[in-house]
Chemist: 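Here it is, the structure in full.
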Amino acid sequence: MLENFHSGLLIILHWQHIAAIVVGSTLGLIVGTIPGLTATMAVALILPLTFDMDFVTSIMLLVGAYKGGIFGGSITAVLLNAPGTPASAATCLDGYALTRQGKAVKALKIAKYSSCLADFFSDLVLIAVAAPLARIALKFGPPEIAMLILFSLTIIAAVSGRSMIKGLISGSLGLLLATVGLDPIMTSRRFTFNIVDLDSGLSLVPVLIGIFAMSEVFLQLGRKSRSEADKFAIIHSKDPADNRVSWREFKGCIRTILRGSAIGTGIGVIPGIGTGIASFMSYARAKRASKHPDMFGRGSLEGIAASEAGNSAVVGATFIPLLTIGIPGDIITAVIMGAFMMQGLIPGPLLFKSHAATIYAIFIGFIICDIVYFIIGSLFMKYSAHLSKIPRSTLFPIVFMFCIVGSYAVHNSIFDVGVVIVFGIVGYYMSKFGFALAPFMIAFILSPIGETALRQSLLMSSGSPSIFATRPISAVFLGLTIVAVTGIVRGYIRERNRTIRLMNGPKQA
Amino acid sequence: MREKTKEITISASIMLLGLVTLFYLIPAQVDVSEDFEVKSLSPAFFPELAAILIVLLSGILIVTWFVHRKDRAENEGLRESSGSEMTAGEEMRVVGAFIIAALYYLGFKYLGFLISTVICLAGMFLLQGGKRGFHIAALSVTVALGLFAFFHYVMKVYFPVGILFR
């Protein structure tokens with residue numbers, strides 16, 4: 001291993017490879033920052049440019065774009081409540097709350113530290129234990145995925161805001177709207193109203209931008225500046241403590257970052273799950289473990305750290321199944337797999353034997369990539385802070401346009417423009433009437449994967465639900481779900497009784 | 001009292017939406033062919049589950065209001081939401097933004113990206129209280145052209161040209 005590592009180091013420390021990492025990370029950051037333009041799009045756009053490059057240069061360019069794209073999404077999530085990529089949706093919850101308190105720089109900094117550390121963690125896991133982890137991931141069939149999704153849905157309780165019932169209604173609405181389109185098993189039409197565009201369902205990106213970003217744009221467009229300070233959408237605090245992350249604050253987040261990194265890595269290893277789920281799972285777990293769970297959603301540094309660590313740790317981990325067993329972990333690694341094949345290399349166990357030094361060069365490139373995008377990200381954040389100098393009356397109409405264009409760009413579809421506007425209106429009224437938006441998005445993202453896995457599992461077992469209890473991994477997730485639901489219900493009843501006692505207390509006295 | 005009425009109206013509307021989905025939309029809009037395999041669950045299972053949950057939960061929300069009248073715990077979300085702090089004038093501006101967005105959708109389709117974007121941006125700037133005509137026009141045209149150039153030439157995203165340029 002050490003010999004391969006040394007050979008890999010000699011390969012990667014070539015100016016072309018380092019330049020590829022810098023260019024890839026920069027492009028990824030730019031694309032990721034624009035709402036609607038995902039890291040997938042950044043990688044797909046760069047792919048044709050790699051045709052004439054050597055193998056390592058091309059892979060480094062694509063990996064740089066992937067990592068930069070995922071991190072870039074968090075910048076607008078924090079500053080404008082507009083997640084650049086679906087992976088950053090959970091970052092909006094606390095990032096934008098901190099921005100409204102004048103602590104945007106602090107939020108961006110903790111996002112950057114968490115992203116880079118988590119990315120680094122998952123890269124180390126990739127290097128150290130790629131093969132055994134991939135073997136475990138291979139044991140995940142439909143029953144395991146169905147139970148994992150069921151367990152993940154318990155996150156809704158953690159992000160429901162003050163009213164759990166409203167959060168559950170929001171989640172049920174997400175579940176309902178996720179069923180629009182062709183049913184995944186029998187391809188029956190559901191709620192398509194004979195509109196061809198609805199056959200493939202409601203696209204995730206326009207719905208996400210509509211619910212989170214467009215609803216905020218509508219809210220801000222309606223609001224009139226009541227004071228000079230209110231003239232700008234992003235307020236900067238003059239207190240230096242609000243513009244940096246102190247060692248004490250960072251120390252308070254380390255456990256959350258490590259936990260998020262582990263969750264993200266675990267999720268990334270399982271093919272087809274994705275960054276959005278990892279960030280929400282990490283967020284919910286952090287809230288449950290936090291000493292200040294009430295601060296979540298109101299500008300908690302732990303919340304941002306959890307979300308960013310969760311989504312960034314997925315990146316390195318998605319390469320584990322790709323490089324060890326030849327299965328892409330997500331859409332982006334599927335595109336990168338295309339780059340491997342264009343160069344005449346088939347990802348899989350044989351690659352470690354035939355091109356060991358090259359593979360280790362890529363591994364080291366992953367770590368260099370973390371350092372590079374940390375530096376570029378810092379510069380990028382410095383300039384993105386200039387957004388605060390744009391008056392809200394100018395900024396929000398432009399953000400509106402980015403939301404529209406970003407949604408259109410996903411499928412070049414005018415229908416998606418309508419979707420983003422409709423969901424912007426829905427999101428506006430949901431938050432106006434106290435319905436948390438995060439449960440809606442979680443259910444919307446998770447339930448299609450969950451439905452497919454659940455129904456496939458029942459087909460496998462000829463309709464017997466015992467399949468979920470008889471397979472070990474599935475049974476573990478089922479058990480965890482039961483424990484989580486019991487805990488949530490007990491906590492809810494206890495909190496409710498406490499509130500009622502507090503309400504009645506003064507009168508009885 | 002006003003808050004209570006508002007809350008019950010919202011919950012009742014959501015319940016109605018759930019009932020309409022359950023008893024009208026699902027039977028009319030979900031194709032359940034007769035030969036589907038029972039063992040793999042019906043295509044209507046998830047929509048029905050979601051609709052039943054919506055009806056039940058909104059019912060609980062209404063009941064909660066009557067059982068614990070003094071308990072405002074469920075309604076703190078209303079006070080918490082930033083939208084509820086808006087004045088009537090601001091509400092009207094939001095509705096104005098909805099109308100501009102809807103008109104932009106139609107314009108996007110028929111007038112093409114550039115013309116509709118310039119008009120929409122100008123409308124949004126005016127809605128935000130912009131008074132300097134030249135400034136609004138220059139900014140609208142610059143942003144529209146900038147977006148077009150970036151997406152068309154760099155990102156290879158091709159926008160509709162509209163009926164005027166066909």
Side-chain angles (χ1 to χ4, degrees), chain A residues 37 41 45 161-163 165-166 168-169 172-173 175-176 179 183 185-186 188-193 218-219 221-224 392-394 396-398 400-402 404-405 408-409 412 414 417-418 421 424-425 428 431-436 447 451 454-455 458-459 462-463 496 499-500 503-504, chain B residues 10 14 21 25 29-33 36 38-41 43 46-47 50-51 53-54 57-58 60-61 64 68 70-71 73-78 80-84 86 89-91 93-94 97-98 101-102 105 108-109 117 121 124-125 127-130 139 143 147 151 155 157-160:
Chain A
L37 300 191
M41 202 179 271
L45 281 166
R162 292 223 172 174
S163 170
I165 296 176
K166 284 184 175 178
L168 291 172
I169 291 176
S172 306
L173 206 59
L175 179 68
L176 182 67
T179 63
D183 129 64
I185 303 294
M186 299 173 66
S188 312
R189 283 195 167 80
R190 298 191 295 197
F191 307 115
T192 55
F193 301 93
F218 282 136
L219 183 73
L221 284 174
R223 204 170 258 173
K224 203 168 185 172
R392 69 159 70 213
S393 57
T394 306
F396 281 104
I398 296 172
F400 172 86
M401 276 306 150
F402 269 108
I404 295 280
V405 174
Y408 174 81
N412 280 14
I414 296 176
V417 173
I421 293 170
I425 297 170
Y428 171 79
S431 51
K432 186 175 162 62
F433 295 131
F435 291 85
S447 57
E451 183 186 2
L454 180 79
R455 294 174 64 187
L458 290 173
L459 271 176
S462 303
R496 194 162 177 78
T499 314
I500 292 169
M503 291 275 188
N504 295 334
Chain B
I10 294 163
I14 294 167
T21 306
L25 284 179
Q29 285 295 326
V30 178
D31 295 341
V32 184
S33 52
F36 92 89
V38 181
K39 60 188 176 188
S40 74
L41 292 179
F46 266 72
L53 281 173
I54 289 171
L57 291 164
S58 48
I60 293 172
L61 214 53
T64 310
H68 301 292
K70 289 170 192 167
D71 174 17
E74 286 298 333
N75 306 291
E76 286 188 37
L78 259 179
E80 204 184 20
S81 66
S82 39
S84 59
M86 294 177 107
E90 286 174 336
E91 291 275 14
R93 280 149 67 107
V94 175
F98 291 165
Y105 172 68
F108 199 87
K109 216 169 178 175
T117 301
L121 274 171
M124 292 279 185
F125 289 136
L127 190 77
Q128 288 280 288
L139 198 60
V143 171
L147 279 173
F151 279 89
M155 307 298 295
V157 172
Y158 301 106
F159 294 109

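No hydrogens, no waters, no symmetry mates; every other heavy atom, side chains included, goes into these values. Below, chain A is the first sequence line, B the second, and so on; all start at residue 1.
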Chemist: Of all heavy-atom pairs between A:I398 and B:L121, which one has the smallest distance, and what is that distance?
Modeler: N-CD2, 4.3 Å

Chemist: Counting heavy-atom pairs closer than 4.5 Å to chain A, which one of B:V157, B:L139, B:L25, B:L57 comes out on top?
Modeler: B:L57

Chemist: Roughly how far, to the nearest 0.5 Å, is CD1 of B:I14 from CZ of A:F435?
Modeler: 3.5 Å

Chemist: Output, in order, the C-alpha distance, side-chain angles, deciding distance and verdict of side-chain contact (heavy atoms from CB on, under 4.5 Å) for B:V143 and A:F402.
Modeler: CA-CA 10 Å; B:V143 171; A:F402 269 108; over 6 Å; no

Chemist: Nearest 0.5 Å, please: how far is CG in A:L459 from CG in B:L41?
Modeler: 8.5 Å

Chemist: With a 4.5 angstrom heavy-atom cut-off, could you sort out which part of A:F400 is near chain B: side chain, backbone, both or neither?
Modeler: side chain

Chemist: If you measure from OG1 on A:T192 to CG on B:D31, what distance do you get to the nearest 0.5 Å?
Modeler: 7.0 Å

Chemist: Using 30° and 60° as the class boundaries, would you call the ring planes of B:F108 and A:Y408 parallel, tilted or perpendicular?
Modeler: perpendicular

Chemist: Let me see the working for B:T21 and A:F191 under side-chain contact (heavy atoms from CB on, under 4.5 Å), right down to the final yes or no.
Modeler: CA-CA 10 Å; B:T21 306; A:F191 307 115; 4.2 Å; yes

Chemist: Under 4.5 Å from any heavy atom of chain B, what part of A:I421 do you find: side chain, backbone, both or neither?
Modeler: side chain

Chemist: If I compare all heavy atoms of B:V94 with all of A:F218, which pair ends up nearest, and what's the gap?
Modeler: CG2-O, 3.6 Å

Chemist: Please round to the nearest 0.5 Å and tell me the distance separating atom OG1 of B:T64 and atom CD1 of A:I165.
Modeler: 4.5 Å

Chemist: Do the side chains of B:F159 and A:V405 get nearer than 4.5 Å, heavy atoms only?
Modeler: yes

Chemist: Work out which heavy atom in A:L221 is nearest to a heavy atom in B:Q128; give both atom names and the distance.
Modeler: O-NE2, 2.5 Å

Chemist: For A:E451, what residues pass the side-chain hydrogen bond (donor to acceptor under 3.5 Å, both in side chains) criterion, not counting sequence neighbours?
Modeler: A:R190, A:R455

Chemist: Of all heavy-atom pairs between A:S172 and B:I54, which one has the smallest distance, and what is that distance?
Modeler: CB-CG1, 3.5 Å

Chemist: B:F98 versus chain A, heavy atoms under 4.5 Å apart: side chain, backbone, both or neither?
Modeler: both

Chemist: So what's closer than 4.5 Å to chain B heavy atoms on A:I404: side chain, backbone, both or neither?
Modeler: side chain

Chemist: Could you report the tightest heavy-atom contact between A:L176 and B:P47, atom names first, then the distance?
Modeler: CD1-O, 3.7 Å

Chemist: What residues form a side-chain hydrogen bond (donor to acceptor under 3.5 Å, both in side chains) with A:T179, not counting sequence neighbours?
Modeler: none

Chemist: Minimum heavy-atom separation for B:E91 and A:Y428, please, with both atom names.
Modeler: OE1-OH, 3.4 Å

Chemist: First locate atom CG of B:L61, then atom CD1 of A:I169, and finally report the distance between them rounded to the nearest 0.5 Å.
Modeler: 5.0 Å

